[in-house]
Chemist: 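Would you mind keeping the following structure in view while I ask a few things?
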Amino acid sequence: MKLLENLNEAQREAVEYNKTPHMIVAGAGSGKTRVLTYKIAYVLKEKMCEPENILALTFTNKAANEMKERIIELVGKKASKIWMGTFHSIFARILRAESEKLDYRPNFSIYDREDSISLVNNIITALNLNIDLSPSAIHHKISHFKNHMISVDEYIEHIAKTSLDRKIGEIYKEYEIRIKENNSMDFDDLLLKPIELFNKYPRVLQHYRGQFKYILVDEFQDTNHAQYELIQMLYNRLVKICVVGDDAQSIYGWRGADIGNMLNFEKDFPKTKIFRLEQNYRSTKTILKAADSLIKNNKDQIQKTLWTDNPDGDKISLMRCSDEKDEAFQIARRIKKEITSRKLKLSDVAILYRINAQSRALEEALRREKLPYKIIGGVEFYRRKEIKDIVGYLRVLANQDDEESLLRIMNFPQRGIGNTSITKMIEFARRLNLTLFQTMGRIFEVIEVKERIQKNVKGFKQFLDKYISLKDELSLSELTSAMVDELGILRMYKEENSAESMQRYANIQELLRSIQEFTENNKKATIDDYLAEVSLISGIDQFSESDAVIPLMTVHSAKGLEFPVVFLTGCEEDIFPLNPKFDEDARLEEERRLFYVALTRAKEKVIITYARSRYRFGEVAYQARSRFIEELDPETVDEVEGIGKGRSRRKRKSYYDEFYQEGFDEDYNQERRSLRVGSRVVHELFGQGKILAINGQGDMQKVSVDFEEHGTKHLLVKFANLRLI
DNA sequence: AACTCGGTTTTTTTT
DNA sequence: AAACCGAGTT
Ligand SMILES: Nc1ncnc2c1ncn2[C@@H]1O[C@H](COP(=O)(O)OP(=O)(O)OP(=O)(O)O)[C@@H](O)[C@H]1O
């Protein structure tokens with residue numbers, strides 16, 4: 001059979017196995033995704049299953065779309081009927097169909113992180129709580145509870161101990177009430193509500209068990225408890241299940257993903273058969289060797305072998321840069337070199353970083369060097385203020401109970417409804433058990449609101465009513481354009497005429513274009529349809545290999561992708577690994593896995609860069625290079641001295657002059673002048689130690705010193721009286 | 001009561 | 001660097 005010719009022996013076995021639950025455990029680039037793709041194609045070709053009986057869960061929408069396309073190529077159009085998507089999108093779809101059973105309406109809104117945080121914020125204000133945690137930290141906790149399926153009652157009764165915990169409990173409780181009343185769900189709900197649904201309605205579960213006869217999960221190492229529970233629920237003896245993962249690539253622990261899911265699978269699913277793939281088709285021997293030497297430093301991992309027939313290839317280049325600008329320019333120049341020497345397309349080169357904030361300097365340099373690029377993810381298109389404003393309007397038109405969205409647009413553009421009046425309206429709404437939208441319809445009863453403002457509210461309500469009633473008459477695209485026009489938002493940004501406002505102007509036009517496109521693809525598309533799609537769109541979904549641009553993205557976003565050349569930037573302590581707390585091994589190990597993921601994206605060449613100094617939080621920070629660099633097998637790494645080579649650097653003085661001039665005040669005495677990352681110092685009280693980092697300047701300059709006897713201390717240089725040894 | 005300006009706090013990674 | 005908050009202004 002032709003299909004299987006494109007696979008090696010081990011892969012073929014995994015594809016052909018179709019009996020008990022099975023798990024494919026294999027390292028990077030060994031063809032896990034390929035096996036999953038071919039497996040589905042094989043199942044369809046052998047008619048073991050109809051396409052609509054297959055449930056394939058991927059990590060991103062992009063991965064799902066690509067896999068589906070590939071399967072269509074292999075077995076034809078019928079494959080488009082496969083249920084393929086992320087856990088979130090698939091279960092959102094199921095929830096829309098079954099919403100009434102959970103006392104929701106099908107037009108429920110989906111809250112992203114920002115919406116959730118804003119809800120938390122509103123709750124803190126409404127409850128008049130005095131709490132030290134930021135709304136974002138609280139939301140993180142709530143999300144953690146939900147991910148771990150800790151209910152409000154359970155938390156309040158059994159877990160909350162301190163008074164802070166009790167406050168968090170109160171917020172959590174109110175959060176769940178409010179989000180429900182808003183006919184809205186957050187990302188966690190998209191996984192939890194289906195569990196609730198299946199528990200409450202065994203017949204519904206029965207239905208979906210009958211529906212999904214073959215379940216396949218990619219990137220299984222990054223599933224969380226709720227996702228695990230869901231596949232356990234959907235599984236029974238008649239259902240076939242195959243999961244695929246690499247524990248070394250688990251990088252979403254911070255949001256509830258648990259490698260334990262891979263370890264438990266064998267126990268929880270009867271007669272599990274494990275497959276291993278050991279041949280890597282992606283990378284050179286050198287890259288694999290480097291990646292292996294790094295990941296060996298992690299304690300807990302499933303034993304795996306990985307080898308390749310590919311050539312040795314180039315060593316990893318390690319580029320030292322003076323600061324983030326220098327780094328960016330060296331990268332830009334190096335890209336030009338690599339593209340010509342390797343005859344590559346722009347999209348064959350990826351620039352990866354740990355945090356989005358690093359992209360600024362890179363963008364600037366690429367722009368100046370006239371290299372087309374695209375930021376993937378980052379401040380995602382749909383998360384920008386101006387876009388969320390418009391989407392906020394659409395959400396209210398679709399779901400008037402969505403109070404968060406209503407609050408967002410209430411006074412944008414400014415229409416003279418300020419905070420005080422809004423608070424009064426909300427108080428009124430709660431008192432009479434009305435929604436905010438209903439309250440707007442009865443605004444003249446809210447006597448606390450001034451008459452002039454009541455009129456503004458009435459005007460706004462009429463505006464919304466008008467477009468709500470136009471929903472059935474105009475197409476999605478016509479409706480949005482008309483509304484945006486009447487709102488005068490575009491005009492407003494144009495008149496402001498700043499660089500920022502023009503960018504916003506352009507973004508809104510882009511949004512209108514994309515809505516138009518959406519409408520053209522489906523003439524009957526409703527606002528609900530559109531929102532359902534955009535709420536779950538992710539940054540990486542916007543990336544296409546066929547664009548002639550250099551992709552810039554976080555390492556997280558690069559998961560599952562591959563590029564001939566990969567630049568891994570900002571490899572300094574405190575950036576990558578980011579915030580390594582010395583006592584948190586698990587966190588550090590996850591950072592190491594992330595580094596491993598970054599390395600293994602490359603087919604031919606990896607270039608690692610680090611900068612001696614970098615602007616962070618508005619101040620210059622001096623950091624040692626990443627410990628992960630030191631962990632790489634030295635035979636695989638080639639240090640290139642980048643400083644002074646390039647055009648933009650040549651004009652400057654020597655590297656050292658620059659280093660001291662920018663980092664230290666003139667009047668510093670000799671001793672302080674030569675404090676450097678890595679210097680050994682003595683402190684009167686703490687004894688000997690090594691400088692880990694230097695932050696800030698002048699009197700505020702601080703050093704982090706790892707003392708042999710006393711551990712790490714952060715000291716003000718001015719008072720520390722450190723002596724060099 | 002809303003708006004505006006300046007000072008303060010707050011920072012991963014994302015479905 | 002950007003969002004947020006609060007005091008002073010319209
Ligand atoms: N049998 C094979 N013959 C030729 N190429 C293969 C074979 N198997 C996999 N490949 C290629 O190897 C590369 C990696 O495959 P794939 O993305 O499926 O690996 P993966 O295990 O999912 O990787 P990762 O864990 O890094 O996401 C792809 O370019 C794929 O086309």
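Residue numbering restarts at 1 for every chain, and letters A, B, ... go by the order of the sequence lines.
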Chemist: Counting side-chain heavy atoms from C-beta on, which of dT14(B), dA2(B), dT15(B) comes nearest to F187(A)?
Modeler: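 Among the listed nucleotides, the one closest to the side chain of F187(A) is dT15(B).
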Chemist: Starting from P on dC3(B), measure out to CE on M492(A) and report it in whole angstrom.
Modeler: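 After rounding, the gap between these two atoms is 12 Å.
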Chemist: Rounded to the nearest angstrom, tell me the gap between atom NE2 in H139(A) and atom P in dT12(B).
Modeler: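 Taking atom P of dT12(B) as the reference, NE2 of H139(A) is at 13 Å.
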Chemist: Under 4.0 Å between any heavy atoms, over every strand shown, what does I417(A) touch: base, sugar-phosphate, or nothing? Just pick one.
Modeler: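 Counting heavy atoms under 4.0 Å across all strands, the contact made by I417(A) is with sugar-phosphate only.
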Chemist: Does dT14(B) have its OP1 or OP2 closer than 4.0 Å to a side-chain nitrogen or oxygen of N356(A)?
Modeler: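 Yes.
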Chemist: Rounded to the nearest angstrom, tell me the gap between atom NZ in K455(A) and atom P in dA2(B).
Modeler: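 Rounding to the nearest Å, NZ of K455(A) and P of dA2(B) are 15 Å apart.
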Chemist: What is the nucleic acid contact for S89(A), judged by heavy atoms within less than 4.0 Å: base, sugar-phosphate only, or nothing?
Modeler: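 The residue S89(A) makes no contact with any strand.
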Chemist: Among side-chain atoms of D258(A) and Y228(A), is any donor-acceptor pair under 3.5 angstrom?
Modeler: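 No, no side-chain donor-acceptor contact under 3.5 Å.
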Chemist: dT15(B), OP1 or OP2 - any side-chain N/O from T60(A) closer than 4.0 Å?
Modeler: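 Checking dT15(B) against T60(A), no side-chain N or O comes under 4.0 Å of OP1 or OP2.
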Chemist: Reckon Q414(A) has a side-chain N or O less than 4.0 Å from the OP1 or OP2 of dC3(B)?
Modeler: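 Checking dC3(B) against Q414(A), a side-chain N or O does come within under 4.0 Å of OP1 or OP2.
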Chemist: In whole Å, what is the span from the CD atom of Q623(A) to the P atom of dT12(B)?
Modeler: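 Going from Q623(A) (CD) to dT12(B) (P), I get 17 Å.
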Chemist: Applying a 4.0 Å non-hydrogen cut-off, can you work out what I453(A) is touching in the nucleic acid: base, sugar-phosphate, or nothing?
Modeler: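 Sugar-phosphate contact only - I453(A) comes under 4.0 Å of backbone atoms but never of a base.
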Chemist: Round to the nearest Å and state the distance from R113(A) atom CZ to dT13(B) atom P.
Modeler: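 Rounded to whole Å, this separation is 8 Å.
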Chemist: Look at the rings of Y530(A) and F518(A) and say which category their plane angle falls in: under 30° parallel, 30 to 60° tilted, over 60° perpendicular.
Modeler: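 Plane angle over 60°, so perpendicular.
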Chemist: Rounded to whole Å, please give me the gap between CZ in F91(A) and P in dT15(B).
Modeler: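 Taking atom P of dT15(B) as the reference, CZ of F91(A) is at 18 Å.
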Chemist: Which one, dT11(B), dT13(B), dA1(B), comes nearest to the side chain of S134(A)?
Modeler: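 My answer, after comparing the listed nucleotides, is dT11(B).
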Chemist: Counting side-chain heavy atoms from CB outward, which of dT13(B), dA1(B), dT14(B) is closest to S557(A)?
Modeler: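 Minimum distance to the S557(A) side chain belongs to dT14(B).
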Chemist: Which of the following nucleotides, dT12(B), dT14(B), dC3(B), is nearest to the side chain of N411(A)?
Modeler: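 Nearest to the side chain of N411(A) among the choices is dC3(B).
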Chemist: Which parts of nucleotides 2-10 of chain C does protein reach within less than 4.0 Å, heavy atoms only, written one letter per nucleotide 5' to 3' as B for base, S for sugar-phosphate only and - for none?
Modeler: S--------
Chemist: Using the ring centroid of each side chain, check whether H148(A) and H144(A) are separated by less than 6.0 Å.
Modeler: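 Yes; H144(A) has its ring centre under 6.0 Å from that of H148(A).
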Chemist: Separation of N456(A) atom CG from dA2(B) atom C1', in whole Å?
Modeler: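 Distance, rounded to whole Å: 10 Å.
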Chemist: With under 30° as parallel and over 60° as perpendicular, where do the rings of F198(A) and Y208(A) fit, or are they tilted in between?
Modeler: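 Answer is tilted, since the angle falls between 30° and 60°.
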Chemist: Mapping R255(A) and S136(A) onto DNA chain B by nearest heavy atom, which one lands closer to the 5' end?
Modeler: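 Whichever sits nearer the 5' end wins; that is S136(A).
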Chemist: Distance only, no hydrogens: is a donor on one side chain within 3.5 Å (strictly under) of an acceptor on the other, for Q221(A) and E219(A)?
Modeler: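 Q221(A) vs E219(A): donor-acceptor pair found between side chains.
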Chemist: For the rings on F265(A) and F220(A), is their centre-to-centre separation under 6.0 Å?
Modeler: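 Centroid separation for F265(A) and F220(A): below 6.0 Å.
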Chemist: Which is true for Y252(A) with a 4.0 Å heavy-atom rule: it touches a base, it touches only sugar-phosphate, or it touches nothing?
Modeler: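 Sugar-phosphate contact only - Y252(A) comes under 4.0 Å of backbone atoms but never of a base.
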Chemist: Under 4.0 Å, heavy atoms only, any strand: does D112(A) hit a base, just the sugar-phosphate, or nothing?
Modeler: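 It contacts nothing in the nucleic acid.
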Chemist: For the side chain of H88(A), starting at C-beta, report the closest nucleotide among dT15(B), dT12(B), dT14(B).
Modeler: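 Of the candidates, dT15(B) comes closest.
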Chemist: Hey, can you tell me if H139(A) and Y175(A) have their rings parallel, tilted or perpendicular (30° and 60° cut-offs)?
Modeler: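 Taking Y175(A) first and then H139(A), their aromatic rings sit tilted (interplane angle of 30° to 60°).
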Chemist: Roughly how many Å is it from CD in Q249(A) to C1' in dT14(B), rounded to a whole number?
Modeler: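 The answer, rounded to whole Å, is 17 Å.
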Chemist: Y252(A) ring centre to R255(A) NZ or CZ under 6.0 Å, with the angle to the axis within 45°?
Modeler: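 Yes, a cation-pi geometry.
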Chemist: Out of T223(A), N224(A), D247(A), which one pairs with N261(A) under the side-chain hydrogen bond (donor to acceptor under 3.5 Å, both in side chains) rule?
Modeler: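 Going through the options one by one, the only one that passes is T223(A).
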Chemist: Which nucleotide in the list dT14(B), dA2(B), dT12(B) gets nearest to the side chain of H556(A)?
Modeler: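 Selected nucleotide (nearest to the side chain): dT14(B).
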Chemist: Taking atom P in both dT13(B) and dC4(C), what distance in whole Å separates the two?
Modeler: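 That atom pair is separated by 16 Å.
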Chemist: Has W254(A) got its ring stacked on the base of dT12(B), with centres under 5.5 Å and planes less than 30° apart?
Modeler: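 Stacking between W254(A) and dT12(B): absent.
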